[in-house]
Amino acid sequence: MKKRECLEWSEDDEMNKDDDLAEFPLPVPWQNVDAEGLDCDYALLFTKEEAYRLFDRLETEVVYLTGHEARVQVYGKVHDIPRKQAVYGEPGLNYTYSGVKHFARQWIPTLEYIRDSVTKVTGQVFNFVLVNRYKDGLDHMGEHRDNERELDPLCPIASVSLGASRDFVFRHRDARGRGRRRIEPVKLQLVSGSLLLMNPPTNTYWYHSLPRRRAVCQPRINLTFRRIISSDEKGSLMTTSTS
DNA sequence: AATGGCCCAACTCT
DNA sequence: GAGAGTTGGGCCAT
């Protein structure tokens with residue numbers, strides 16, 4: 001039996017050639033993804049060429065978390081997270097992942113350029129980005145919601161994909177566990193240069209994941225731009241003290 | 001045969 | 001103080 005070969009970039013491009021998107025000036029018209037409590041918008045933000053240029057720059061520039069910052073404890077066992085993560089944003093902002101607080105590194109020009117490109121087509125302003133790098137199809141991210149308290153609940157999360165295409169799955173919270181409702185998952189393929197906007201209240205009702213895909217051998221970098229409410233703003237919104 | 005989908009494990013933090 | 005969150009492995013279906 002012939003062993004399955006991994007796709008090269010060129011073959012990837014070949015596969016995408018016959019979607020008619022190339023003839024549109026970017027970004028292509030938004031495609032709305034809609035379900036009960038789910039509201040997303042998907043578009044191509046960058047051409048294939050620009051996406052790979054940005055990918056290459058990020059490959060040399062992004063500084064990822066290492067050591068204990070790249071590990072997580074689950075059910076008493078310590079694991080390396082199955083991907084690499086980096087955190088950039090306004091000075092002082094931080095992001096807590098599984099109980100570990102990471103302070104944002106200062107913006108770098110490539111990330112600012114991508115951030116501003118997203119702002120240009122969405123009108124939304126972001127002060128923070130979480131970078132996830134999946135070296136191949138075995139790197140993945142388990143099902144979760146981006147519902148940290150410090151996120152601005154009215155701001156969409158903007159997810160930019162560069163590099164390999166990957167499947168992306170939404171599952172309704174009531175469709176999980178036993179005694180669940182039968183709500184179909186929503187599955188997307190996120191291609192290089194694409195932008196997925198996750199609008200409220202999507203993250204309240206829907207979990208999302210990036211499942212393992214053994215056939216994928218190339219890396220993908222994902223940038224999720226967010227708006228984090230600073231502790232100052234949070235403090236001013238508090239109605240009572242803890243006394 | 002190999003892949004994917006789904007649940008579960010026990011402990012920390014909110 | 002209850003409930004949610006984190007990954008790998010094992011079981012099952014295709």
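Here is how names work: the chains are called A, B, and so on, in the same order as the sequence lines, proteins then strands, and each is numbered from 1.
The side chain of A:Arg176 contributes no N or O atom lying less than 4.0 Å from OP1 or OP2 of C:dA4. Of the side-chain N and O atoms in A:Tyr97, none sit less than 4.0 angstrom from OP1 or OP2 of B:dC13. OP1 or OP2 of C:dT7 has not a single side-chain nitrogen or oxygen of A:His144 nearer than 4.0 Å. Taking side-chain N and O atoms only, A:Lys187 has a distance below 4.0 Å to OP1 or OP2 of B:dG5. Between A:Arg171 and B:dG5 there is no side-chain polar atom (N or O) within less than 4.0 angstrom of OP1 or OP2.
If you measure from atom CZ of A:Arg173 to atom P of C:dA4, you get 10 Å, rounded to the nearest angstrom. The CZ atom of A:Arg214 sits 12 Å away from the C1' atom of B:dG5 (whole-angstrom rounding). In this structure, A:Tyr134 atom OH and C:dT7 atom C1' are separated by 13 Å, rounded to whole Å. For the pair A:His79 NE2 and B:dC8 C1', the computed distance is 13 Å after rounding to whole Å. One atom, NE2 of A:His68, and another, C1' of B:dT12, lie 15 Å apart when rounded to the nearest Å. Counting to the nearest Å, the P atom of B:dG4 and the CG atom of A:Leu138 are 9 Å from each other. Rounding to whole angstrom units, CG of residue A:Asp139 and C1' of C:dG8 are separated by 14 Å. We find that CZ of A:Arg212 is positioned 11 Å from P of C:dT7, with the value rounded to whole Å.
Residue A:Glu143 is the one, among A:Lys77 and A:Glu143, whose nearest nucleotide of DNA chain C lies closer to the 5' end (criterion: closest heavy atom). Between A:Thr96 and A:Val74, it is A:Val74 whose nearest contact on DNA chain B lies nearer the 5' terminus.
Comparing atom distances between the A:Tyr207 side chain and each of C:dG5, B:dC7, B:dG5 picks out C:dG5 as nearest. Relative to the side chain of A:Gln73, the nucleotides B:dC11, B:dG4, C:dG8 differ in distance, and B:dC11 lies closest. Here the side chain of A:Tyr75 is nearest to one of B:dA9, C:dT7, B:dG4, namely B:dA9. Closest to the A:Arg145 side chain, of the nucleotides C:dA4, B:dG5, C:dT7, is C:dA4.
A:Phe126 and A:Trp107 get closest at one heavy-atom pair: O-CZ2, 4.3 Å.
Within 4.0 Å (heavy atoms only), A:Asp80 reaches sugar-phosphate atoms of the nucleic acid but no base atom.
Looking at A:Arg220 and A:Ser161, their side chains do bring a donor and an acceptor atom within 3.5 Å of each other.
Of the options A:Val169, A:Asn203, A:Val186, a side chain to side chain contact (heavy atoms under 4.5 Å, CB included) to A:His208 is made by A:Asn203 and by none of the others.
Contact check for A:Tyr42 versus A:Val191: side-chain heavy atoms found under the 4.5 Å cut-off. Considering only heavy atoms from C-beta on, A:Asp174 stays 4.5 Å or farther from A:Tyr205 through its side chain. Counting only heavy atoms from C-beta outward, the side chains of A:Met141 and A:Arg166 never approach each other to under 4.5 Å.
C:dG1 sits 23 Å from B:dA10 when the P atoms are compared, rounded to a whole Å.
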